[in-house]
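Report on one structure; see the data block that follows.
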Amino acid sequence: MTSYHAQRRASLIARYVLLALLAALWLFPIVWIVLASFSYNDTGFVSTIWPKQFTLSNYTGIFTSTQFPFVYWIRNTLFVSLVSMVLSTFVTISVAYALSRLRFRFRKPYLQIALVLGMFPGFMSMIALYYILKSFNMLNLGGLILVYVGGAGLGFYIAKGFFDTIPRSIDEAAEIDGASRWQVFLHIGLPMSKPIIVYTALTAFIAPWTDFIFSGIILSSSGNAKTYTIAYGLYNMVHATKGTSTTYFTWFIAGCVVIAVPITILFIIMQKFYVNGITAGADKG
């Protein structure tokens, strides 16, 4: 018995040590980025982990700069992310509910086609999307929103798995009482689906907030820095002019920290719903 307890204790210690090492490896880049954002920079890249001189000039500089309209970038990204989140969540939840509850022709072929299309990364279509939007003169924030919302209908599998776990007898009882399918969806389906709605909304918000590929392709042709989103604006800040990548490196890091704050706060607040949504949606396909 003593040997068993000793082995169990040794196993637990080994696991905790491994988890501590993995946590340190995972947290080290984050800690370095935060410290580097407070580092005084007059030579180029930050070469030390602990700043030699702490300063807030990186944050004040990026918010007060007239050359790089960071406030406009935040406003544009927040607008695109919020609108895309609302529309994408509605589309995804509606498609998932319909495929989970309704039985219609070509339902299974659509599920199979959506599964196959979901295996291909979205940026494979960026050239085609660019010329389509260009032909409609929509190389702007509105066109960027259409790109994000347009692909929302293919991201329904997790939400569908969640709706599959809700007993159909609840819907049938409401229909017997005279409720239409829309009323069942609105008054029964949605109130019982808060975890998956929160999960879908979070993922729909994060994608535009951190996206660089589509925003860079669609917004780069405008030539107006005030129309950029955060990701492309920060990239453009350190690459637009030759030799400025080191000059604005700490500004770039400070901007990265700023844009990480809203996502971190959202995850902390919505963590319970997020975990419940993704685990419940993974039960059935």
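Basis for what follows: all heavy atoms, side chains included, without hydrogens, waters or symmetry-related copies.
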- Query: Would you say the side chain of Ile263 lies within less than 4.5 Å of the side chain of Thr210, judging by non-hydrogen atoms?
  - Reply: yes
- Inter-residue atom distance Met192.CE - Phe162.CZ, 0.5 Å rounding: 7.5 Å
- Are Phe185 and Asp171 close enough that some pair of their side-chain heavy atoms sits under 4.5 Å apart? no
- Minimum heavy-atom separation for Val184 to Glu175, with atom names? CG2-CG, 4.0 Å
- Message: Are there over 12 heavy-atom neighbours, none belonging to Asn137, within less than 6.0 Å of that residue's CG?
- Response: no
- Message: Is it the case that the side chain of Asn58 and the backbone of Ser39 share a donor-acceptor pair, with hydrogens and angles ignored and the cut-off at 3.5 Å?
- Response: yes
- Which word best sums up how the rings of Phe156 and Tyr110 line up, parallel for under 30°, tilted for 30 to 60°, or perpendicular for over 60°? parallel
- Within-4.5 Å side-chain heavy-atom neighbours: Ser11 and Arg15: yes
- Message: Tell me whether Ser215 contacts the main-chain N or O of Phe212 through its side chain, where contact means a donor paired with an acceptor under 3.5 Å.
- Response: yes
- Determine, stepwise, if the pair Phe104 / Leu99 fulfils side chain to side chain contact (heavy atoms under 4.5 Å, CB included). CA-CA 9 Å; Phe104 50 88; Leu99 292 173; 3.6 Å; yes
- Item | Main-chain N/O of Gln183 paired with Ser180 side-chain donor or acceptor, under 3.5 Å | yes
- Any donor-acceptor N/O pair, Asn224 side chain to Thr227 backbone, under 3.5 Å: no
- Indicate, with yes or no, if Ile127 and Leu144 share a hydrophobic cluster defined by side-chain heavy-atom contacts under 4.5 Å among Ile, Leu, Val, Met, Phe, Trp and Tyr. yes
- Message: I'd like to check Leu219 versus Phe214 (side-chain heavy atoms, cut-off strictly below 4.5 Å). Are they in contact?
- Response: no
- Does any N or O in the side chain of Thr64 come within less than 3.5 Å of the main-chain N or O of Thr60, such that one atom is a donor and the other an acceptor? yes
- Quick one: does Leu234's side chain get under 4.5 Å of Tyr228's, heavy atoms only? no
- Separation of Ile188 CD1 from Ile170 CD1 (nearest 0.5 Å): 7.5 Å
- Query: Would one find more than 12 heavy atoms of other residues, nucleotides or ligands at under 6.0 Å from atom CZ of Phe54?
  - Reply: yes
- List the steps, then state whether side chain to side chain contact (heavy atoms under 4.5 Å, CB included) holds for Lys160 with Val95. CA-CA 8 Å; Lys160 177 184 176 298; Val95 171; over 6 Å; no
- Message: If hydrophobic clusters are built from ILVMFWY residues whose side chains come within less than 4.5 Å, do Ile74 and Ile265 share one?
- Response: yes
- To the nearest 0.5 Å, how far apart are OG in Ser193 and CD1 in Ile166? 4.0 Å
- Item | Nearest heavy-atom neighbours spanning Gly161 and Thr165 | O-CG2, 3.3 Å
- Task: For the pair Gln112 and Val116, evaluate side chain to side chain contact (heavy atoms under 4.5 Å, CB included) and give the outcome as yes or no after the intermediate values.
- Result: CA-CA 6 Å; Gln112 296 170 351; Val116 173; 5.7 Å; no
- Look at the side chain of Asp211 and the backbone N and O of Ala207, then say whether any donor-acceptor pair between them is shorter than 3.5 Å. no
- Task: Hey, can you tell me if Phe68 and Trp251 have their rings parallel, tilted or perpendicular (30° and 60° cut-offs)?
- Result: perpendicular
- Item | Tyr199 side, atom OH; Leu202 side, atom CG - distance, nearest 0.5 Å | 9.5 Å
- Can any side-chain N or O of Ser81 pair as donor or acceptor with the backbone N or O of Leu78 at less than 3.5 Å? no
- Task: Over all heavy atoms of both residues, which pair between Gly216 and Tyr232 is shortest? Give the atoms and the distance, please.
- Result: CA-CD1, 3.4 Å
- Query: Got a sec: does the CZ of Arg8 have more than 12 other heavy atoms crowding it under 6.0 Å?
  - Reply: no
- Query: If you measure from CG on Leu141 to CD1 on Ile218, what distance do you get to the nearest 0.5 Å?
  - Reply: 10.0 Å
- Do Val34 and Trp50 belong to the same hydrophobic cluster, where Ile, Leu, Val, Met, Phe, Trp and Tyr are linked whenever their side-chain heavy atoms lie under 4.5 Å apart, directly or via other members? yes
- Judged by modelled atom types alone, do Tyr59 and Ser37 share a side-chain donor-acceptor pair under 3.5 Å? yes
- Task: Verify the cluster assignment for Ile30 and Ile268: are they in a single hydrophobic cluster under the rule of side-chain heavy atoms below 4.5 Å apart?
- Result: no
- Message: Taking Met85's backbone N and O only, do any of them form a donor-acceptor pair with Ser88's side chain (distance below 3.5 Å, no angle check)?
- Response: no
- Got Tyr97 and Leu102 here, is their nearest side-chain heavy-atom distance under 4.5 Å? no
- Message: Is a donor from one side chain sitting under 3.5 angstrom from an acceptor on the other, for Asn76 and Thr229?
- Response: no
- Would you name the heavy atoms of Ser135 and Ile132 that are closest together and state the gap between them? OG-O, 2.5 Å
- Donor-acceptor pair, side chain of Tyr248 and main chain of Ile62, under 3.5 angstrom: no
- Task: Look at atom OH of Tyr16 and say whether more than 12 heavy atoms of other residues, nucleotides or ligands are closer to it than 6.0 Å.
- Result: no
- Task: Mind listing the closest non-hydrogen atom pair of Trp73 and Thr77 along with its distance?
- Result: O-OG1, 2.7 Å
- Query: So, does Thr89 use its side chain to make a donor-acceptor pair with the main chain of Val86 at under 3.5 Å?
  - Reply: no
- Non-hydrogen side-chain atoms of Arg107 and Leu111 separated by less than 4.5 Å: yes
- Measure across Gly189 and Phe163 and return the closest heavy-atom pair with its distance rounded to 0.1 Å. O-CE2, 4.1 Å
- Heavy-atom check, side chain of Ile253 versus side chain of Trp32, under 4.5 Å: yes
- Where do Val149 and Phe90 land on the side chain to side chain contact (heavy atoms under 4.5 Å, CB included) test, with the steps shown first? CA-CA 10 Å; Val149 177; Phe90 177 77; over 6 Å; no
- Are Tyr72 and Met237 connected in the hydrophobic side-chain network, where two residues link if heavy atoms are under 4.5 Å apart? no
- Item | Spacing of CE belonging to Met126 relative to CD1 belonging to Ile213, to within rounding of 0.5 Å | 6.5 Å
- Message: According to side-chain hydrogen bond (donor to acceptor under 3.5 Å, both in side chains), who are the partners of Ser57, at least two apart in sequence or on a separate chain?
- Response: Thr55
- Name the orientation class of the two ring planes belonging to Phe205 and Trp209 (parallel below 30°, tilted from 30 to 60°, perpendicular beyond 60°). parallel
